[in-house]
Amino acid sequence: MHNWEISPKQAVQEQKGLQEKLRIQSFQQEVKLVGGADISYNRFSSTAYAGIVILRFPEMEIIEKQTAVATMHFPYVPGLLSFREIPPIAEAWKKIKTRPDVMVLDGHGMAHPRRMGIASHFGIVFQIPTIGCAKKVLTGSFDMPENQKGDTSPLMDKEEQIGTVLRTKPNVKPVFISPGHLMDFKSAIDIIKPCIKGYRIPEPTRQAHLLVNEARIKNTKGHTS
DNA sequence: GCGACAG
DNA sequence: ATCTTGTCGC
């Protein structure tokens with residue numbers, strides 16, 4: 001794992017160097033376990049509560065959850081999210097005993113200016129298939145998908161597809177799915193769809209978010225941090 | 001120069 | 001990301 005204590009400019013260079021390691025390819029493995037990761041923190045604070053949840057696929061039954069507290073050393077800069085969030089998530093990852101077949105990250109995968117969103121970066125660092133599931137677009141254009149659950153439309157950057165806009169629930173804003181690493185567009189969608197259980201956000205990321213938010217509130221009660 | 005801009 | 005009450009719509 002490379003050095004994370006760098007400047008934004010160096011981070012951009014780091015992303016360019018990582019491009020050659022990125023593998024957007026057909027995913028064949030049978031999925032039995034899927035993981036979700038996310039972090040939570042108080043405004044103006046650099047203390048992050050990271051968490052990872054492992055769920056049985058496609059039941060979405062949680063079989064393991066781990067959290068960790070860490071200090072963030074990188075600011076939030078659109079396009080450089082991984083440098084801020086991966087370090088804390090890595091701490092939680094160390095505690096995970098059950099290796100999932102695929103990890104879902106809260107953010108984009110290759111749907112990024114340099115094709116190096118947090119899902120792609122995480123996949124390369126930990127050598128595991130990943131999928132990016134973001135709530136908002138970072139780059140690219142798209143036509144709004146139809147209003148039925150499961151409807152999709154391609155997310156495009158010029159003439160190249162970089163992700164898929166997915167309607168997870170009627171009358172609710174869609175989410176943006178993109179391959180992270182060792183993954184392809186179709187598999188990403190085929191894996192995410194069964195993870196939808198009545199909410200806008202697919203279970204892996206949703207459960208991870210609930211976990212870290214709970215950890216933050218619990219550890220922030222009655223003291224500073 | 002202007003608008004956009006994951007979490 | 002987090003803060004924060006009520007309110008509109010399926």
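Chain A is the first sequence line, chain B the second, and so forth, proteins listed ahead of strands; every chain is numbered from 1. All heavy atoms count here, side chains included; hydrogens, waters and symmetry mates do not.
Across the protein-nucleic acid pair, A:Ile118 atom CD1 and B:dG7 atom P stand 10 Å apart, rounded to whole Å. Rounded to an integer number of Å, the gap from A:Lys136 NZ to B:dA4 P is 13 Å. Spacing between atom CZ of A:Arg167 and atom P of C:dC10 amounts to 14 Å, rounded to whole angstrom units. A:His112 has its NE2 atom 13 Å from the P atom of B:dG7, to the nearest Å. Atom OH of A:Tyr76 is separated from atom C1' of C:dT2 by 14 Å (rounded to the nearest Å). Put simply, CE on A:Met116 is 19 Å from C1' on B:dC5, counting in whole angstrom units. Between the CD atom of A:Glu214 and the C1' atom of C:dT2 there is a distance of 17 Å, rounded to whole Å. Rounding to whole angstrom units, CG of residue A:Leu138 and P of B:dC5 are separated by 9 Å.
For the pair A:Arg216 and C:dC3, the criterion of a side-chain N or O lying under 4.0 Å from OP1 or OP2 is met. Contact check, A:His108 against B:dG7: no side-chain N or O comes under 4.0 Å of OP1 or OP2. Not one side-chain nitrogen or oxygen of A:Asn213 sits closer than 4.0 Å to the OP1 or OP2 atom of C:dA1. Distances shorter than 4.0 Å separate some side-chain N or O of A:Ser40 from OP1 or OP2 on C:dT2. Of the side-chain N and O atoms in A:Lys169, none sit less than 4.0 angstrom from OP1 or OP2 of C:dC10. Side-chain N/O atoms of A:His209 include one lying less than 4.0 angstrom from OP1 or OP2 on C:dT2.
Picking from B:dG7, C:dT2, C:dC10 the nucleotide with the shortest atom distance to the side chain of A:Tyr41 gives B:dG7. Of the candidates C:dT2, B:dG7, C:dC10, C:dT2 carries the atom nearest the A:Arg43 side chain, counting heavy atoms from C-beta on.
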Could you check A:Arg115 against A:Glu160 for salt bridge (Lys or Arg N to Asp or Glu O under 4.0 Å), going step by step and ending with a plain yes or no? CA-CA 11 Å; A:Arg115 307 294 178 269; A:Glu160 175 191 14; 2.8 Å; yes
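A 6.0 Å sphere centred on CD of A:Gln127 holds no more than 12 heavy atoms belonging to other residues, nucleotides or ligands. No more than 12 heavy atoms of other residues, nucleotides or ligands sit less than 6.0 Å from atom CD of A:Glu146.
Residue contacts shown for A:Leu80 include a base, since a base heavy atom lies under 4.0 Å away. Using a 4.0 Å heavy-atom criterion, one finds that A:Ile39 contacts no nucleic acid atom at all. A:Gly132 comes within 4.0 angstrom of nothing in the nucleic acid, heavy atoms only.
In this structure, the side chains of A:Gln161 and A:Met156 come closer than 4.5 Å at one or more pairs of heavy atoms.
Residue A:Phe27 forms a side chain to side chain contact (heavy atoms under 4.5 Å, CB included) with just one option from A:Asp190, A:Asp184, A:Leu182, and that option is A:Asp184.
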